[in-house]
S.K.: 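Take a look at the following structure, please.
Throughout, a chain's letter reflects where its sequence line sits, starting with A, and its residues are numbered from 1.
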Protein chains: 2
Amino acid sequence: MTDRDTSRTLAHPEAAEIRLEGVLHALSDPVRLSIVLDLAGSADDLACSHFDLPVTKSTTTHHFRVLRESGVVRQAYRGTTKLNALRRDDLEALFPGLLDSILTAAAAESSRLTRVTTGA
Amino acid sequence: MTDRDTSRTLAHPEAAEIRLEGVLHALSDPVRLSIVLDLAGSADDLACSHFDLPVTKSTTTHHFRVLRESGVVRQAYRGTTKLNALRRDDLEALFPGLLDSILTAAAAESSRLTRVTTGA
DNA sequence: CGTCTCCTTCGACGACTCTCGTACCATGGG
DNA sequence: CCCATGGTACGAGAGTCGTCGAAGGAGACG
């Protein structure tokens with residue numbers, strides 16, 4: 001009906017439209033950071049339902065939209081599921097090394113906090 | 001008077017207390033990102049009054065507090081002025097390469113957007 | 001067709017953020 | 001001692017964010 005087609009295609013920002021502030025903001029939420037971390041650890045695409053997040057499905061939809069609209073992930077429908085992939089190439093071209101260092105930092109912090117929590 | 005001494009010392013998080021999400025959130029604001037960029041470009045410390053920000057003084061105070069409480073900058077009083085310095089070492093130890101890639105990305109985006117804006 | 005699964009939309013709520021103006025404190029110089 | 005300068009505290013207002021539940025659409029599969 002409107003210009004916001006709800007059925008087939010998903011709006012993604014062009015690479016040139018991606019803003020650093022948006023990416024940093026998208027990655028500053030623990031839920032979204034864990035999504036990105038999971039996505040980075042996997043070979044290719046992951047369905048939304050793959051993720052085990054501590055929020056409801058509508059909140060999950062919200063987080064994936066933030067990630068998509070900030071240019072961090074690319075999404076595409078495949079049947080009833082929606083596949084998600086990191087936009088590694090675009091991000092690397094715009095901000096060389098940024099994604100990797102954030103990913104490394106997130107992994108480091110995750111293990112650091114786990115160690116503290118478990119006391120090991 | 002109270003335990004919140006307003007005159008001499010400023011509360012900073014320990015290095016181990018610095019959270020990646022907090023750092024990313026702190027850096028996801030354009031004003032704060034420009035502060036950090038300016039701070040990184042300078043040799044050492046800069047007074048708050050050095051910065052030419054498009055906000056009022058109270059807002060500036062707010063942004064510097066966010067940067068300090070997230071562990072991005074260290075602040076110290078020197079007479080009537082307050083000096084600011086990036087916590088490069090702490091951040092580098094916690095998140096290797098992160099600050100540099102964000103700084104590089106910010107500089108790249110800044111020049112990219114300037115180019116677009118001026119049409120040059 | 002019926003139904004199941006996956007995901008979206010909508011409206012709502014509380015919390016937090018950014019911004020400001022005004023009043024204020026602390027240091028330093030005349 | 002008075003005042004100028006640099007920064008803070010305290011509201012307060014507008015906006016955004018993260019979260020949820022209920023309702024519903026789109027494919028797949030019997």
S.K.: Rounded to the nearest 0.5 Å, what separates atom CD in B:E69 from atom CG in B:L67?
M.R.: 10.0 Å
S.K.: Please report the closest heavy-atom contact between B:A15 and B:L94, naming both atoms and the distance.
M.R.: O-CD1, 3.0 Å
S.K.: Taking atom P of D:dG6 as reference, at what distance in whole Å does atom CD of B:Q75 sit?
M.R.: 16 Å
S.K.: Is there a side-chain polar atom (N or O) of A:T81 under 4.0 Å from OP1 or OP2 of C:dC6?
M.R.: no
S.K.: Mind checking the CD1-CG spacing from A:I102 to A:L27? Nearest 0.5 Å is all I need.
M.R.: 5.0 Å
S.K.: List the atom of A:L91, the atom of A:L99, and the distance in Å for their closest heavy-atom pair.
M.R.: CD1-CD2, 4.1 Å
S.K.: Does any residue of residues 46-57 of chain A have a heavy atom under 4.0 Å from DNA chain C, and if so, which ones, in number order?
M.R.: A:C48, A:S49, A:K57
S.K.: Apply side-chain hydrogen bond (donor to acceptor under 3.5 Å, both in side chains) to B:S110 and list each qualifying residue two or more places apart in sequence or on a separate chain.
M.R.: none
S.K.: Nearest-Å distance, CD (A:E21) to P (D:dT16)?
M.R.: 16 Å
S.K.: Quick check on contacts: within residues 62-72 of chain B, what sits under 4.0 Å from DNA chain D by heavy-atom distance?
M.R.: B:R65
S.K.: Ignoring hydrogens and angles, are the base of D:dG21 and the side chain of A:S58 linked by a donor-acceptor pair under 3.5 Å?
M.R.: yes
S.K.: Which donor-acceptor pairs under 3.5 Å do side chains of residues 37-55 of chain A form with protein atoms, sequence neighbours excluded?
M.R.:
none

S.K.: What protein N or O atoms touch nucleotides 28-30 of chain C N or O atoms at under 3.5 angstrom, if any, and at what distances?
M.R.:
none

S.K.: For B:R19, what residues pass the side-chain hydrogen bond (donor to acceptor under 3.5 Å, both in side chains) criterion, not counting sequence neighbours?
M.R.: A:E109, B:E21
S.K.: According to the side-chain hydrogen bond (donor to acceptor under 3.5 Å, both in side chains) rule, which pairs have a member within residues 84-94 of chain B, sequence neighbours left out?
M.R.: B:R74-B:D90, B:Q75-B:N84, B:R87-B:D90
S.K.: Which residues in residues 23-31 of chain B have at least one heavy atom lying under 4.0 Å from any atom of DNA chain C?
M.R.: B:H25, B:D29
S.K.: Is it the case that one hydrophobic cluster holds both A:V23 and B:V31, taking links as side-chain heavy atoms less than 4.5 Å apart, direct or via other members?
M.R.: yes
S.K.: Applying salt bridge (charged side-chain N to carboxylate O under 4.0 Å, His left out) as the test, list every pair that has at least one member in residues 54-64 of chain A; sequence neighbours left out.
M.R.: none
S.K.: Rounded to the Å, how far apart are A:L10 CG and C:dC6 C1'?
M.R.: 14 Å
S.K.: Starting at atom CG of A:L83, determine the distance to atom P of C:dT5, rounded to an integer number of angstrom.
M.R.: 19 Å
S.K.: Taking side-chain hydrogen bond (donor to acceptor under 3.5 Å, both in side chains) as the definition, give me every residue that meets it alongside B:H63, ordered by chain and number, with sequence neighbours left out.
M.R.: B:R32
S.K.: In sequence, state the C-alpha distance, the side-chain angles, and the governing distance for A:I35 and A:V73, and then conclude on side chain to side chain contact (heavy atoms under 4.5 Å, CB included).
M.R.: CA-CA 10 Å; A:I35 290 174; A:V73 306; 5.7 Å; no
S.K.: Rounded to whole Å, how long is the line connecting atom CG of A:N84 with atom P of C:dC6?
M.R.: 14 Å
S.K.: Quick one: side-chain hydrogen bond (donor to acceptor under 3.5 Å, both in side chains) pairs with a partner in residues 97-106 of chain A, sequence neighbours left out?
M.R.: A:S101-B:S101
S.K.: Can a side chain N or O of B:Y77 be found less than 4.0 Å away from OP1 or OP2 on D:dG6?
M.R.: no
